[in-house]
Amino acid sequence: MNLKSIDITFDFEPFIALTALILLILFAFYTYKYTLPPSGKFTRYFLASVRSAIFILLVLLLIDPAIKVTYQKINKPSIKVFVDNSNSMTMPDSAANVKTVRDIIEKITDRIGASAQLYTFGERIKPLNADSLEAIDFSEYTTDFKPITSNLDIDSTAASVIISDGIITAGTDNIKSESVPLFTVGIGDSAARPDIYIENIYYNNIIYSGTETEAEAIVRNNNAAGVSKVVEFYIDNVPASRKQIETDNSGINRVKFAFTPAAPGKHKITINVPPEENEFNKNNNTKTAFIDVLKNKTKIFLVAGKPSSDFTILNLVLNGNENFETKKIVFVSPRKIYGSENISKIDSSELFILIDFPLKSTPENFVKQVYETIKKKNVPFLQFITTNTDITILNKYPYIMPFKAEKLDPEKLEINALNNNSFFFDWDELQSLPPLITNGNLYRLSPDTETHLTYSLKNKSFPLFITRSTSGGKSAFFLAEGIWRWHLTIAERSNVLLPGFINKLVKWLTADNSKKLFKVIPQKELFSSVEEVDFVAELYDPTFIPVNNANIKMEIKSGNRISEFQFLPVQNGIYSAKVSGLNPGDYKFTADAAYDNITLSDSGRFTVVNANPEKITTRMNAELLKRIAYNSRGKYYSPEKISELPDELGKLIENHKSEELITDTVDLKSNYVVVLLLIFLFSIEWFLRKRIGML
């Protein structure tokens, strides 16, 4: 910091101030020319000097000069150095890598000094002190490069240095900086040692029980082509299949395993390739994934009181959806039934779709059987109430029907659907559709219904499509007929509208919307043996208000070993627990939440595998480090050429340094130092005069 100038300006003539100061100083010395009692020459001159200083400060406070100090400040940008502190840096020689990294840091700090800002990174960025390099211990279990670019201040950073092996186990490898150049330094073994491992498992996201599907394993080999290997496939730790392969010269083998999940639920699939005796890395030979298996198909019973165009179109739409298993029953006459299923098997239905039902001619015992099944088993249903439906029979089942129906006008009327902001329909689609047919029934809806479509008649609005969701199940009602017109209309998108509507409606009707009052969720289903297992619990009272004062205990079981853990409250009914030190294996957990004499339970499963993600790949990824440097206008350095990097960084600092002129204004009146100095000088003068006994 270089002083450039000091400017002093006065509000009035400086000559007057200077004259006053001289006179006051002469007066001070005259005052102490003779003293009583007499004192030494030194004492008199000292006291005169103190009083002169007091007069000078008082005059300065009175005239309040404007003092401006201008100096030059040289701003040097920083160099941010990020050191990879992840576990993969221990391969193949931890001690040698630690020494190499520390030597590199010392060379950089010796050259650029305080301009070097040091950090470690792995899961997150941490500051590093140049005097505490022992903090570099390669202890983190993930490597994420992305936080590096978000940690750069483009206004004060000339460049960034990344010291790493280039092995990324979290985040993305698309790392670049457009404003700050990134220099990369490769640490580790770039030699491709013989290794055969499972890189990934691919499988369908939607899997149905009883339906064959495939899992594909990507088996990679480094410098191990032409080796005969067995690839093993397990479902829930039970051997399911195995295949013999010969490792390919391309370095990749794709191995497919066909399997058929027997039951819905969560299942673990594992693919393993046994390691060779002399294989360098045996931590990457097994890969595990969890799959959600859905029940095979939604079983739908389509029941019609008589054959009709609407029934034909509905049957066509349902049969065209591979996720539906549709059985149908059509009453051609009271004694003649056409269909693909026996009436006695309607108890197995997961959804009823009823159309032209019931009619006066429909057997009463069958109508009762359908509605009693809906009531007892909470089976969801969709009812199309047409001009032929006998509403007097519907009114006999008030526990099923969310309305009271009255027949007002036997005449058939054509009506146009109006959308009530329903997620089932799009307004633009409805506008181009032909009218439906109704006979003007009056429906007095219960408060728990939601109206999605309406129609207007005589300036009044009437419901057309309604739904209801209660603890007793879900139901939907279409209060008109003629949907075949929607499907066969000229508009191209009509052939999508009806199947789309039916598909959405079936999903809504069959979805389990019961919210659990207590649930415990592990943050992942698959953990490494070096990771903490994190759990989050949510707890609500019967009115779904969060409970914050509960005692939540959890048992984790693996084989015959049982461990107990306690959850700690976080906020708003959220609790957490962390478990560490678990051995590899499959675990089941059971948690109990107790509050106000209420106890709720939840359970689940997770797996701990004997694999450190940082040790799956051991070869330094120099290609990635070079790409990061190239894309960011930086440069890649190997440890052998690292001596060139400090000088390069020094040049960048010199090229990016800036000069700044800073002007400070000194205000004496508001400067507490001047006031304190005055008090001090007055105290000194008074103290000495008192000691001497001076009058």
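Note that this is a predicted model, so its numbers are computed, not measured.
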Audit row: Thr286, Tyr197, side chain to side chain contact (heavy atoms under 4.5 Å, CB included) steps and yes/no:
CA-CA 7 Å; Thr286 300; Tyr197 60 96; over 6 Å; no

Would you sort out whether Leu624 and Ile167 count as a side chain to side chain contact (heavy atoms under 4.5 Å, CB included), showing the intermediate values?
CA-CA 9 Å; Leu624 173 63; Ile167 298 172; over 6 Å; no

Determine whether Thr607 and Tyr587 satisfy the following criterion, side chain to side chain contact (heavy atoms under 4.5 Å, CB included), listing intermediate values before the conclusion.
CA-CA 6 Å; Thr607 295; Tyr587 290 82; over 6 Å; no

Is there a side chain to side chain contact (heavy atoms under 4.5 Å, CB included) between Arg51 and Thr31? Walk through the geometry before answering.
CA-CA 10 Å; Arg51 182 166 292 187; Thr31 303; 3.4 Å; yes

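Within the 4.5 Å cutoff, the side chain of Ile175 has heavy atoms near those of the Lys146 side chain. Using a 4.5 Å heavy-atom cutoff, the side chains of Asn200 and Lys287 are in contact. Annotation: side chain of Val547 is not in contact with side chain of Phe518 (no heavy-atom distance under 4.5 Å). Side-chain contact between Phe589 and Phe535: present, with at least one pair of heavy atoms (C-beta onward) separated by less than 4.5 Å. Counting heavy atoms from C-beta on, the side chains of Ile521 and Lys519 come closer than 4.5 Å. For the pair Val185/Val161, a side-chain contact is recorded, criterion being any heavy-atom separation below 4.5 Å from C-beta on. Side-chain atoms of Phe121 and Asp84, non-hydrogen and from C-beta on, do get closer than 4.5 Å to each other. Two residues are said to be in side-chain contact when any heavy atoms from C-beta on lie closer than 4.5 Å; Ile125 and Phe82 meet this criterion.
Between Tyr636 and Ala629, the shortest heavy-atom distance links the atoms N-CB, 3.8 Å. What you find for Phe567 and Ala537 is that their closest heavy atoms are CE2-CB, 3.8 Å. Of all non-hydrogen atoms in Gly166 and Ser164, the two that sit nearest each other are N-OG, 2.9 Å. Between Ile25 and Ser52, the shortest heavy-atom distance links the atoms CG2-OG, 3.7 Å. Minimum heavy-atom separation, Thr157 to Pro77: C-CB, 4.4 Å.
No donor-acceptor distance shorter than 3.5 angstrom exists from the side chain of Asp602 to the backbone of Ala591, with no hydrogens or angles considered. Side-chain atoms of Ser160 come within 3.5 Å of backbone N or O of Lys80 as a donor-acceptor pair. A donor-acceptor pair under 3.5 Å is formed between the side chain of Gln566 and the backbone N or O of Ile552. A side-chain donor-acceptor contact under 3.5 Å links Thr109 to the backbone of Ile105. In this structure, the side chain of Arg111 does not engage the main chain of Gly650 through any donor-acceptor pair within 3.5 Å. Ser115 places no side-chain N or O within 3.5 Å of a backbone atom of Ser78 that could act as its donor or acceptor partner. Of the possible polar contacts, none joining the Arg633 side chain to the Leu182 backbone as a donor-acceptor pair under 3.5 Å is found. Side chain of Ser632 to main chain of Gly634: no donor-acceptor pair is present (N/O by atom type, distance under 3.5 Å, no hydrogens or angles). Remark: side-chain polar atoms of Tyr595 are not paired, donor with acceptor, to backbone N or O of Asn548 under 3.5 angstrom.
The neighbour count for Phe55 CZ, taken as heavy atoms of other residues, nucleotides or ligands under 6.0 Å away, is above 12. Dense packing is recorded around CZ of Arg102, with more than 12 heavy atoms of other residues, nucleotides or ligands lying under 6.0 Å away.
A distance of 9.0 Å separates OG in Ser638 from CD1 in Ile187, rounded to the nearest 0.5 Å. With rounding to the nearest 0.5 angstrom, the NZ atom of Lys557 is 12.0 Å from the OG atom of Ser563. Taken from CG in Leu57 to CZ in Phe680, the straight-line distance is 12.0 Å, to the nearest 0.5 Å. In this structure, Gln117 CD and Ile112 CD1 are separated by 9.5 Å, a value rounded to the nearest 0.5 Å. Once rounded to the nearest 0.5 Å, the distance linking OG1 of Thr184 with OH of Tyr630 reads 14.0 Å. From Ile54, atom CD1 reaches atom CG of Leu24 across 12.0 Å, with rounding to the nearest 0.5 Å.
A tilted orientation is assigned to the rings of Tyr45 and Phe29, their planes being inclined by 30° to 60°.
Every residue was checked against the ring-ring contact (aromatic ring centres under 6.0 Å, His included) condition with Tyr637, not counting sequence neighbours, and none meets it. Every residue two or more places apart in sequence or in another chain that forms a salt bridge (Lys or Arg N to Asp or Glu O under 4.0 Å) with Glu199 is listed here: Arg220. Every side chain to side chain contact (heavy atoms under 4.5 Å, CB included) that Thr19 has, sequence neighbours left out, goes to Phe15, Leu23.
A salt bridge is absent between Glu648 and Lys635; no separation between the charged side-chain nitrogens and carboxylate oxygens falls under 4.0 Å. Using a 4.0 Å cut-off between charged side-chain N and carboxylate O, Asp103 and Lys107 make no salt bridge. A salt bridge is absent between Asp592 and Lys553; no separation between the charged side-chain nitrogens and carboxylate oxygens falls under 4.0 Å.
Between the side chains of Asn85 and Thr120, not a single donor N or O lies within less than 3.5 Å of an accepting N or O. At a cut-off of 3.5 Å, with distance as the only test, a side-chain donor of Arg689 or Tyr32 sits close to an acceptor on the other residue. For Asp165 and Asn621, the side-chain atoms include no donor-acceptor pair closer than 3.5 Å.
Across Ile642, Val81, Thr100, a single residue satisfies side chain to side chain contact (heavy atoms under 4.5 Å, CB included) together with Ile163, and that is Val81.
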